[in-house]
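Basis for what follows: all heavy atoms, side chains included, without hydrogens, waters or symmetry-related copies.
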Number of protein chains: 2
Amino acid sequence: MKLSNVIISRLSIYVRLLSELEERRKETVSSAELAELTGFGDAQIRKDLNLLGQLGISGTGYDVKHLQKVLSRVLGLDRQWKVALVGVGNLGSALLAYPGFKQQGFNIIAVFDNDLRKIGKNWEGIVVQDVGELVNAVRSAKIRIGIIAVPASEAQRVAASLLKAGVECILNFAPLRIKLPKEINLRNVDLTMELENFSCFLTNKSRRE
Amino acid sequence: MKLSNVIISRLSIYVRLLSELEERRKETVSSAELAELTGFGDAQIRKDLNLLGQLGISGTGYDVKHLQKVLSRVLGLDRQWKVALVGVGNLGSALLAYPGFKQQGFNIIAVFDNDLRKIGKNWEGIVVQDVGELVNAVRSAKIRIGIIAVPASEAQRVAASLLKAGVECILNFAPLRIKLPKEINLRNVDLTMELENFSCFLTNKSRRE
DNA sequence: GTATGTGAAGTAATTCACAGCT
DNA sequence: AGCTGTGAATTACTTCACATAC
């Protein structure tokens, strides 16, 4: 079963919505209701869910509890994941303190920086290690997910270390395109790019008016 | 000229790459070189750039300086944008301290929170205002871009206030799908979703092996 | 010769619309 | 009656391939 990124993104949204519905003791939910809640089309929701098996009941909808269980399993949320974070600047610290990660089973268990003032310090309960120790530390802890929250100038080097350490997935916050072999699952969160989308939108909007 | 989001994202990448090339005193660049640097196809790059006019010179490539100027204008990077930030928790503080925004002309000039301990305090040079003042403050400052960095439970309400205040673009960091009229340019940065993509990837990968 | 601009072909994602199940 | 599952149609995005321009 090969799920594309856009589908996985929607599954993430469904699973969150479902836990909400479950809390509200809702037993079943129809694709039309999910469409209303998410803003996606109802057919799309049925298509997405149908990829995971025949989960729906005609005339009734989907069983909230069951669907949530299936989605959680498919997304790998029924287990714990170890994560390495590189860079404890403003953004890195914020990520480390973000409670949402642990809630979903993502545990940042190793943190690295190259700033001597930070190395050895306790940061949200984790001791910051020298980035020079990254390869060994990440490899021996068998960490498969890495987060890059360092300045752009260092990001490519950090990525190379993570690769060497055997990491399979990298979330990059540095505003540049890292080059990595394509078997690595690389995702970029580029905040400036998001704002540039807005400025482009507003610029062209005004031009039209 | 209607540019889709994927295209705007690529234009953002090009413009950054070009400023790098300009610093290195590179005069011209070909679509093949840009393809090598970005990982996109060369035809795609030519298609993207061609949307902005006939900017290339056959047999030579694109003039770095000129192309950069055109891209900056299209993306609206040749002017200043006022931004409102709602929520000064871990993430909000990190965004406020992030130097990349100001560099690109995005100035966070108003900050809001509902925490009495934060209201009135100076945060990176800006006084935090009560979220109750948001509508008036944002409207009178004519701010068109808003960033939501509050917990999920409050995000929809904050979005409604921003809408009321006349904001046209909203960047949402809360892990839920906000409902807004479609003329608002809403973009979501969902960190948990990114990690869920990884856990899904790793789960299915292991299953295959 | 080298690199652009661009129709045509190919691929992916979404929406439509309805047969068939409960 | 109500809602799913799904081929068919549509739309969006990407890649190919080559005539054209420098």
**Student:** Any idea which of D:dG7, D:dA17, C:dA8 is nearest the A:K47 side chain?
**Tutor:** D:dG7

**Student:** Can you list, by residue number, the residues of residues 19-45 of chain B that have a non-hydrogen atom closer than 4.0 angstrom to DNA chain C?
**Tutor:** B:S30, B:S31

**Student:** Give, for atom CD of B:Q44 and atom CG of B:L34, the distance between the pair rounded to the nearest 0.5 Å.
**Tutor:** 12.0 Å

**Student:** What closest approach, in Å, do B:R144 and B:W81 show between heavy atoms, and which atom pair accounts for it?
**Tutor:** NH1-CZ3, 4.0 Å

**Student:** Using modelled atom types only, decide if a donor and an acceptor are shared between the side chain of B:R187 and the backbone of B:C169 within a distance under 3.5 Å.
**Tutor:** no

**Student:** May I have the step-by-step check of salt bridge (charged side-chain N to carboxylate O under 4.0 Å, His left out) for A:R24 and A:E20, ending in yes or no?
**Tutor:** CA-CA 6 Å; A:R24 288 202 231 134; A:E20 227 181 275; 3.1 Å; yes

**Student:** Quick one: are A:E196 and B:I8 in side-chain contact, heavy atoms under 4.5 Å?
**Tutor:** no

**Student:** A:D48 has an atom CG; how far is it from atom C1' of C:dT14, in whole Å?
**Tutor:** 10 Å

**Student:** Rounded off to whole Å, could you give me the CD1-to-P distance for the B:I8 and D:dC13 pair?
**Tutor:** 11 Å

**Student:** I need the residues from residues 50-72 of chain B with at least one non-hydrogen atom less than 4.0 Å from DNA chain C; give them sorted by number, or say none.
**Tutor:** B:N50, B:Q54, B:L55, B:G56, B:I57, B:S58, B:G59, B:T60, B:G61, B:Y62

**Student:** More than 12 foreign heavy atoms under 6.0 Å from CD of B:E124: is that the case here?
**Tutor:** yes

**Student:** Just by distance, no angles: are the side chains of A:T192 and B:Q104 close enough, under 3.5 Å, to form a donor-acceptor pair?
**Tutor:** no

**Student:** May I ask you to verify if any side-chain N or O of B:R46 is less than 4.0 angstrom from the OP1 or OP2 atom of D:dT20?
**Tutor:** no

**Student:** What is the separation between atom CG on A:N5 and atom P on C:dT11, rounded to the nearest whole Å?
**Tutor:** 20 Å

**Student:** For A:L49 and D:dG5, what is the distance between atoms CG and P respectively, to the nearest whole Å?
**Tutor:** 8 Å

**Student:** So, is B:S4 close to the D:dC13 phosphate, meaning a side-chain N or O under 4.0 Å from OP1 or OP2?
**Tutor:** yes

**Student:** With rounding to the nearest 0.5 angstrom, report the CE to CG distance, A:M193 to B:N5.
**Tutor:** 9.5 Å

